[in-house]
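Okay, so here's the structure we're looking at.
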There are 2 protein chains.
Amino acid sequence: MNRKRNCINTECPQLKALDDRALDHVAEYFRALSEPLRLRILKTLQDRPHKVGELTELLDCSQANVSKHLAILMRHGMVERDAQGTSAFYRIADPRVYDLCDLVCGQMALRFASQAQLLGARPAGARSRR
Amino acid sequence: MNRKRNCINTECPQLKALDDRALDHVAEYFRALSEPLRLRILKTLQDRPHKVGELTELLDCSQANVSKHLAILMRHGMVERDAQGTSAFYRIADPRVYDLCDLVCGQMALRFASQAQLLGARPAGARSRR
DNA sequence: TGCATCCATTACCATATAGGAATATAGTAA
DNA sequence: TTACTATATTCCTATATGGTAATGGATGCA
């Protein structure tokens with residue numbers, strides 16, 4: 001069991017040790033990352049902090065929508081707000097959210113690769129199940 | 001920038017490199033992990049494979065509900081099905097999902113700790129915002 | 001003051017989904 | 001075959017949520 005530990009600088013409780021209430025919180029955290037627009041916001045903020053108006057333009061969506069999603073990201077401690085005049089700058093509060101995203105990217109890459117291999121190894125039109 | 005790489009045995013594309021279509025897939029992956037019951041299923045399967053009926057009893061929920069959530073987990077390659085007679089055994093297909101969960105656990109633990117510290121440093125009834 | 005800008009919030013609508021109840025399907029045994 | 005068990009699926013409802021439009025609120029400037 002070559003289980004690699006990702007978390008080295010904290011007690012880092014594992015899934016096993018969590019009760020149902022803690023699992024609810026974990027689920028909510030994942031849910032915050034389960035919207036494409038929120039991921040695009042995080043991706044944009046990876047370069048540097050941005051004002052709401054900049055995000056609105058870069059992501060080509062309404063200002064109200066950006067503000068709403070930023071509030072959700074902030075509620076989970078993923079971004080931080082810095083008011084300057086009438087503007088509001090948002091920046092990444094916890095860069096480890098990118099570790100999560102990168103982990104998922106890697107898993108999906110592996111999965112797609114193996115699926116492509118399966119498809120390539122079967123005659124056209126073959127179904128893998130059912 | 002002490003950015004630790006979690007993914008060592010694959011190309012592991014980063015969030016930066018993903019287009020909107022790939023981000024949609026990442027969001028769907030996170031969404032599969034955003035339900036408490038699905039996390040409880042994964043937690044239960046961490047010990048050993050289980051039949052649907054066992055999960056139904058252990059998690060105290062309906063059989064239809066368990067089957068539905070198992071289908072979602074399987075759709076994302078997180079669990080695998082092994083039919084034996086009229087039973088269906090489910091097992092973990094990709095143990096790295098636990099790495100994700102543990103990462104989130106660690107981040108939430110840090111966050112709660114700092115919040116508790118903030119609360120402890122303020123007089124009773126103080127609000128940290130608004 | 002008055003006005004403009006930037007952002008947050010609210011109300012509303014459309015869609016997605018978790019859950020339950022009922023039904024369908026598949027395997028097993030008589 | 002018929003009956004029984006285990007699981008999957010379908011239908012339905014209640015709730016949650018993403019999106020938009022409209023509004024509110026705070027700041028800055030003339």
Could you list the residues that satisfy side chain to side chain donor-acceptor pair (under 3.5 Å) with B/His25, not counting sequence neighbours?
B/Arg21
Just how far, in rounded Å, is C1' of C/dA18 from CZ of B/Arg40?
13 Å
Applying side chain to side chain donor-acceptor pair (under 3.5 Å), name anything that partners B/Asp82, two or more places apart in sequence or on another chain.
B/Gln84
Between B/Phe89 (CZ) and D/dT5 (P), how many Å, whole number?
18 Å
Using atom CG of A/Leu37 as one end and atom C1' of C/dT15 as the other, report the distance to the nearest whole Å.
17 Å
What is the distance, to the nearest angstrom, from the CZ atom on B/Arg81 to the C1' atom on D/dA8?
8 Å
Between A/Val26 and A/Leu18, which heavy-atom pair has the shortest distance, and what is it?
CG2-CD1, 3.8 Å
Taking only residues two or more places apart in sequence or in another chain, which ones pass side chain to side chain donor-acceptor pair (under 3.5 Å) with A/Arg91?
A/Glu80
Can you list the residues that meet the salt bridge (charged side-chain N to carboxylate O under 4.0 Å, His left out) rule with B/Asp94, with sequence neighbours excluded?
B/Arg96
Sequence neighbours excluded, the answer for side chain to side chain donor-acceptor pair (under 3.5 Å) partners of A/Tyr90 is none
Please report, rounded to the nearest Å, how far the C1' atom of C/dA16 is from the CZ atom of B/Phe30.
20 Å
Only pairs under 3.5 Å count here: list side-chain donor-acceptor contacts from residues 52-62 of chain A, not counting sequence neighbours, and write none if there are none.
| from | atom 1 | to | atom 2 | distance (Å) |
| --- | --- | --- | --- | --- |
| A/Glu54 | OE1 | A/His50 | ND1 | 2.9 |
| A/Glu54 | OE1 | A/Lys51 | N | 3.0 |
| A/Thr56 | OG1 | A/Val52 | O | 3.0 |
| A/Ser62 | OG | A/Asn65 | N | 3.1 |

Side chain to side chain contact (heavy atoms under 4.5 Å, CB included) against A/Arg111, all qualifying residues, sequence neighbours excluded
A/Gln115
Measure all distances between protein nitrogen or oxygen atoms and nitrogen or oxygen atoms of nucleotides 15-18 of chain D, and list the pairs falling under 3.5 Å.
| from | atom 1 | to | atom 2 | distance (Å) |
| --- | --- | --- | --- | --- |
| D/dG18 | OP1 | A/Arg38 | NH1 | 3.4 |
| D/dG18 | OP1 | A/Arg38 | NH2 | 3.2 |

Determine: side-chain N/O of B/Tyr90 to OP1/OP2 of D/dA8, distance under 4.0 Å, yes or no.
yes
Nearest-Å distance, NZ (A/Lys51) to C1' (D/dG28)?
13 Å
Separation between CG (B/Asp47) and NZ (A/Lys16), nearest 0.5 Å, reads 6.0 Å
Heavy atoms within less than 4.0 Å of DNA chain C: which residues of residues 55-64 of chain A have one? Give them sorted by number.
A/Gln63, A/Ala64
Salt bridge (charged side-chain N to carboxylate O under 4.0 Å, His left out) involving B/Asp24 - partner list, sequence neighbours excluded:
none
Residues at least two apart in sequence or cross-chain that pass side chain to side chain contact (heavy atoms under 4.5 Å, CB included) with A/Lys68, listed by chain then number, are none
Could you check how far CG of A/Asp82 sits from C1' of C/dC6, rounded to whole Å?
15 Å
Quick one: which of C/dA8, D/dT5, D/dT9 gets closest to the side chain of B/Thr86?
D/dT5
Taking N or O atoms only and anything under 3.5 Å, show me the protein contacts with nucleotides 1-4 of chain D, one pair per line.
none

